[in-house]
Protein chains: 2
Amino acid sequence: MNKILEKNLFQNRDHNHQACISEALDTANKICSAHEARFTPIRRRILELIWKSHEPVLAYDLLRILRREKDNTEPPTVYRSLDFLMEYNLIHKIESLNAYVGCSYAHRPHIGQFLICTECNQFVEIDSSKISKTILTEARQSGFEVASQTVEIYGQCPKCR
Amino acid sequence: MNKILEKNLFQNRDHNHQACISEALDTANKICSAHEARFTPIRRRILELIWKSHEPVLAYDLLRILRREKDNTEPPTVYRSLDFLMEYNLIHKIESLNAYVGCSYAHRPHIGQFLICTECNQFVEIDSSKISKTILTEARQSGFEVASQTVEIYGQCPKCR
DNA sequence: TTTTGATATGTTATATAATAACGTTTTTAC
DNA sequence: GTAAAAACGTTATTATATAACATATCAAAA
Ligand SMILES: [Zn+2]
Ligand SMILES: [Zn+2]
Ligand SMILES: [Zn+2]
Ligand SMILES: [Zn+2]
């Protein structure tokens, strides 16, 4: 394969990650406004924490962090915000990890797939219509009408190979 | 699409399901023998219970059933057998449901995908090389080397449409 | 600007999923 | 028969998620 054609979506250690966070929060703000949904401080903080890294985050890790900031925080506080953020496609759940990630395509409709590196734990969300369409077509071969797809791909990212 | 070309893998209510179970147990027996792995009564019973339906089964549902048969059964008994059965590809875990299903291709290497009906809960495992290859190719576009894939597809099966 | 309904958050309790650690039994190999 | 390995029993705990109800906040209507 032509190296030049590779679009490496994995982030370098030295990228401007504050920009990733800012953009995510900004997008979230716009989307919530557009839907007249309230982007409350807790929801905002949880989204910010999820974007703190490019790795999937566990709900109870979020809980631990929030408890340091406000000691009466309980699981429902976290899960409610996670549910809200998922409802508006601002985050996704990685089912095979019970972990949550920021959505990279929140500003537009998409059917995401996740590449998760087993070495460094970094992930990227891709939106491959080739994958989603192939799944649609192949499922139809069995007379199955697809409503949603969970595609979680494990392996080694470019840096870790 | 040509209806005739559809290969509907979903089972009718009146199919000979005892044959499904027998075949699965039989295949398991052979595979365990070939690997000099012990197909113990507990492991056999759990595989049988998983094959009792064409629906994903929860670990604690298995536990409840086993407890009726032997009241000192505890979670590790179930999970150990599930781990064993997964190791030899006799069952798979549906990550998005925390549930377990019998493998339909245990006798040969495969990369399965799951079609799960949200109406009747029935599933089928397909082994589409189109899907698995597309995932491989698309991941490589991002410089990612695939080691494993989780593909869980939700929607409506032919009967429920 | 109070009332009121809706939404969000606080709080307590519990359900569900899975594993750690260690002891005992069973199986297999020698 | 004995020893090592594998399987299973047992107790405890960790991890993930939700139910149910109380209180607080917000926003629209009166
Ligand atoms: Zn970044
Ligand atoms: Zn997304
Ligand atoms: Zn059957
Ligand atoms: Zn399979």
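FYI, side chains are in, hydrogens and waters are out, and symmetry mates aren't considered; it's all heavy atoms of this structure. In this text, all values refer to a predicted model and were calculated from it rather than measured experimentally. Sequence lines set the chain letters: A, B, ... in the order given, protein chains first and strands last, and positions in each chain run from 1.
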Indicate whether OP1 or OP2 belonging to C:dT16 is found under 4.0 Å from a side-chain N or O atom of B:N98. no
According to ring-ring contact (aromatic ring centres under 6.0 Å, His included), who are the partners of B:F84, at least two apart in sequence or on a separate chain? B:Y88
Is A:R13 atom CZ crowded by more than 12 heavy atoms from other residues, nucleotides or ligands, each under 6.0 Å away? no
With a strict under 4.0 Å distance from non-hydrogen atoms of chain B, what nucleotide opens and what nucleotide closes the contacted stretch of DNA chain D, reading 5' to 3'? D:dA6 to D:dT11
Residues from residues 62-91 of chain B sitting under 4.0 Å of DNA chain C, heavy atoms only? B:P75, B:P76, B:Y79, B:R80
Test: ring-ring contact (aromatic ring centres under 6.0 Å, His included). Region: residues 54-74 of chain A. Which pairs qualify, not counting sequence neighbours? A:H15-A:H54, A:H17-A:H54
Tell me every residue that passes ring-ring contact (aromatic ring centres under 6.0 Å, His included) with B:Y100, counting only those two or more places apart in sequence or in another chain. none
With sequence neighbours left out, the residues meeting salt bridge (Lys or Arg N to Asp or Glu O under 4.0 Å) with B:E152 are none
Would you mind listing every ring-ring contact (aromatic ring centres under 6.0 Å, His included) that reaches into residues 129-161 of chain A, with sequence neighbours excluded? A:F144-B:F10
Restricting to salt bridge (Lys or Arg N to Asp or Glu O under 4.0 Å), what partner residues turn up for A:R45, sequence neighbours left out? A:E48, A:E69
Under 4.5 Å side-chain linkage, directly or through intermediates, the cluster mates of A:I111: none
Under 4.0 Å, heavy atom to any atom of DNA chain D: which of residues 34-55 of chain B qualify? B:R38, B:T40, B:I42, B:R43
Please identify each residue that fulfils salt bridge (Lys or Arg N to Asp or Glu O under 4.0 Å) with B:D71, with sequence neighbours left out. none
Salt bridge (charged side-chain N to carboxylate O under 4.0 Å, His left out) contacts in which one or both residues fall within residues 52-64 of chain A, not counting sequence neighbours: A:D61-A:R64
